[in-house]
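Have a look at the structure below, then the notes.
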Protein chains: 2
Amino acid sequence: MNYVTEQILGSLRDARIRKGFSQRELSARSGVPQSHISKIESGNVDLRMSSLIALARVLDLELFVAPRKTVPAIKSIIRSSNATHNNGLSDESEPMSPAYQLEEYDDD
Amino acid sequence: MNYVTEQILGSLRDARIRKGFSQRELSARSGVPQSHISKIESGNVDLRMSSLIALARVLDLELFVAPRKTVPAIKSIIRSSNATHNNGLSDESEPMSPAYQLEEYDDD
DNA sequence: GAGAGTGATATGTTTTTATATATAATTTTT
DNA sequence: AAAAATTATATATAAAAACATATCACTCTC
């Protein structure tokens, strides 16, 4: 598994986790079977573009190609986007991730 | 063929042309058969990541996924990169594209 | 019009994804 | 520790990519 592939699969898994989806839920939303998602995430399959795009869409990710020379700038953008999470200016996408966990208190 | 796919395949073809490669030459460099490249470019195949990456590498492109909210910024970077072509500061990659054409206005 | 280069098609074979379904293995929760 | 949820494996089948190779159609140029 080459570097690019690792990067992409890592991004997929991270995005799934960040959204709090299980593989099953991602499966339900994307139409890709859970067993296949497992194989994909563990790099045991050379997936097709359609699968990749189907998953990416559900995870609010977009797939691209960019000139190699622009890669650092792009990575920088992505990095800061991930760092900021939802820091107040969010009025888009991210459906509010519950980033806490005070044991037991489930007051609802 | 969905939007994302179109975008990507378009980028591949454009990059190939910009580099002045024929499908045959790209084939020789990437290991992907010319007949397959033809099918890919015309959107007649749901190609695998490995093929996509193999082609992208030869064309000095990189594949990735980015959070949807970063897309405009990224596209802007890519756009200006393509616009600038080689405007003096080039010391990398681009092997000098002949960006002129006197007569033969084939604007399509 | 012959010859060369290019992209699209065609055929046949091999390899692999994608899928369904089930279940084992692992982790998390209660 | 038991239960529940999640992820990894397994098997079988169908569909499609990947491949090699050849050829066709088209456009140039000489």
Side-chain angles (χ1 to χ4, degrees), chain A residues 1-2 4-6 8-59 63 65 97-108, chain B residues 1-2 4-6 8-59 63 97-98 100-108:
Chain A
M1 188 168 61
N2 69 60
V4 178
T5 308
E6 262 179 60
I8 291 179
L9 299 186
S11 301
L12 285 186
R13 205 191 66 258
D14 292 352
R16 176 176 68 78
I17 303 295
R18 203 154 38 224
K19 279 210 169 338
F21 294 168
S22 65
Q23 291 183 348
R24 265 204 175 70
E25 181 156 5
L26 179 56
S27 167
R29 291 178 187 247
S30 66
V32 177
Q34 179 271 323
S35 64
H36 197 220
I37 293 178
S38 171
K39 279 187 279 186
I40 289 170
E41 286 192 357
S42 51
N44 288 326
V45 86
D46 182 7
L47 82 168
R48 294 180 195 165
M49 255 180 96
S50 58
S51 300
L52 181 51
I53 291 172
L55 294 175
R57 168 156 46 230
V58 170
L59 297 171
L63 183 70
V65 291
S97 53
Y100 52 86
Q101 203 137 341
L102 302 186
E103 66 177 276
E104 291 298 319
Y105 300 100
D106 67 309
D107 53 311
D108 54 295
Chain B
M1 186 168 61
N2 70 60
V4 178
T5 308
E6 261 179 61
I8 290 178
L9 299 186
S11 302
L12 285 186
R13 206 189 59 259
D14 292 352
R16 176 176 69 77
I17 303 295
R18 205 155 35 222
K19 280 209 169 338
F21 294 167
S22 65
Q23 290 183 348
R24 278 198 168 77
E25 181 157 5
L26 180 55
S27 168
R29 292 179 187 246
S30 65
V32 178
Q34 179 270 325
S35 63
H36 197 220
I37 293 178
S38 171
K39 279 187 280 187
I40 290 170
E41 286 191 358
S42 52
N44 288 326
V45 85
D46 182 6
L47 81 170
R48 294 179 195 164
M49 252 179 98
S50 59
S51 299
L52 182 50
I53 291 172
L55 294 176
R57 168 155 44 229
V58 171
L59 297 171
L63 181 71
S97 53
Y100 51 86
Q101 201 140 340
L102 309 184
E103 308 202 27
E104 288 297 318
Y105 299 96
D106 60 316
D107 50 310
D108 48 302

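Reckoned from all heavy atoms, side chains included, excluding hydrogens, waters and symmetry mates. Lettering of chains follows the sequences in order, A, B, ..., and the numbering in each one begins at 1. From a predicted model like this one, the values you see are computed outputs, not experimental measurements.
- One interatomic measurement links the two molecules: CG of L9(B) to P of dA17(D), which rounds to 12 Å at whole-angstrom precision.
- With distances taken from any side-chain atom of V45(A) to the nucleotides dT17(C), dA20(C), dA18(D), the minimum falls on dT17(C).
- Both G31(B) and R16(A) lie near DNA chain D, and the one whose nearest nucleotide falls closer to the 5' end is R16(A).
- Only one option out of Q23(A), K19(A), R24(A) pairs with F21(A) in a side chain to side chain contact (heavy atoms under 4.5 Å, CB included); it is K19(A).
- Phosphate proximity of dC19(D) to S35(B): absent, as no side-chain N or O sits under 4.0 Å from OP1 or OP2.
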Item to check | Under 4.0 Å protein heavy-atom contacts per nucleotide of nucleotides 23-28 of chain D, with B for base, S for backbone only and - for none | outcome: B-----
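- Regarding contacts with the backbone of dG7(C), every side-chain N or O of S38(B) stays at 4.0 angstrom or more from both OP1 and OP2.
- Taking all atoms of both residues into account, the shortest heavy-atom contact from S30(A) to A54(A) is CB-O, 4.1 Å.
- Between H36(A) and D46(B), the residue whose closest nucleotide on DNA chain D is further toward the 5' end is H36(A).
- Counting any heavy atom pair closer than 4.0 Å across all strands shown, I37(B) reaches no nucleic acid atom.
- In this structure, I37(B) and L12(B) have side chains that are not in contact, with every pair of non-hydrogen atoms separated by 4.5 Å or more.
- Whole-Å rounding puts the M49(A) CE to dA18(C) C1' distance at 17 Å.
- Distance NE2/H36(A) to CG/N44(A): 10.0 Å, rounded to 0.5 Å.
- A 4.5 Å side-chain heavy-atom check between T5(A) and D46(A) finds every atom pair outside the cut-off.
- OP1 and OP2 of dT15(C) both lie 4.0 Å or more from every side-chain N or O belonging to R48(B).
- Rounded to an integer number of Å, the gap from L12(B) CG to dG7(C) C1' is 16 Å.
- Atom-to-atom, CG of L26(A) to P of dA18(C) comes out at 14 Å; the value is rounded to the nearest Å.
- Taking atom CD on E41(B) and atom C1' on dT6(C), their separation rounds to 11 Å, with Å as the unit.
- Nearest to the side chain of N44(A), among dT17(C), dT9(D), dC19(D), sits dT9(D).
- For the pair L47(A) CG and dT17(C) C1', the computed distance is 9 Å after rounding to whole Å.
- The shortest non-hydrogen separation linking M49(A) to I8(B) is CE-CD1, 3.7 Å.
- The NZ-C1' distance, from K39(B) to dA17(D), rounds to 8 Å in whole Å.
- Note: CD1 (I40(B)) to P (dT9(C)) measures 14 Å, nearest angstrom.
- Side-chain contact between V32(A) and L47(A) is absent, with no heavy-atom pair separated by less than 4.5 Å.
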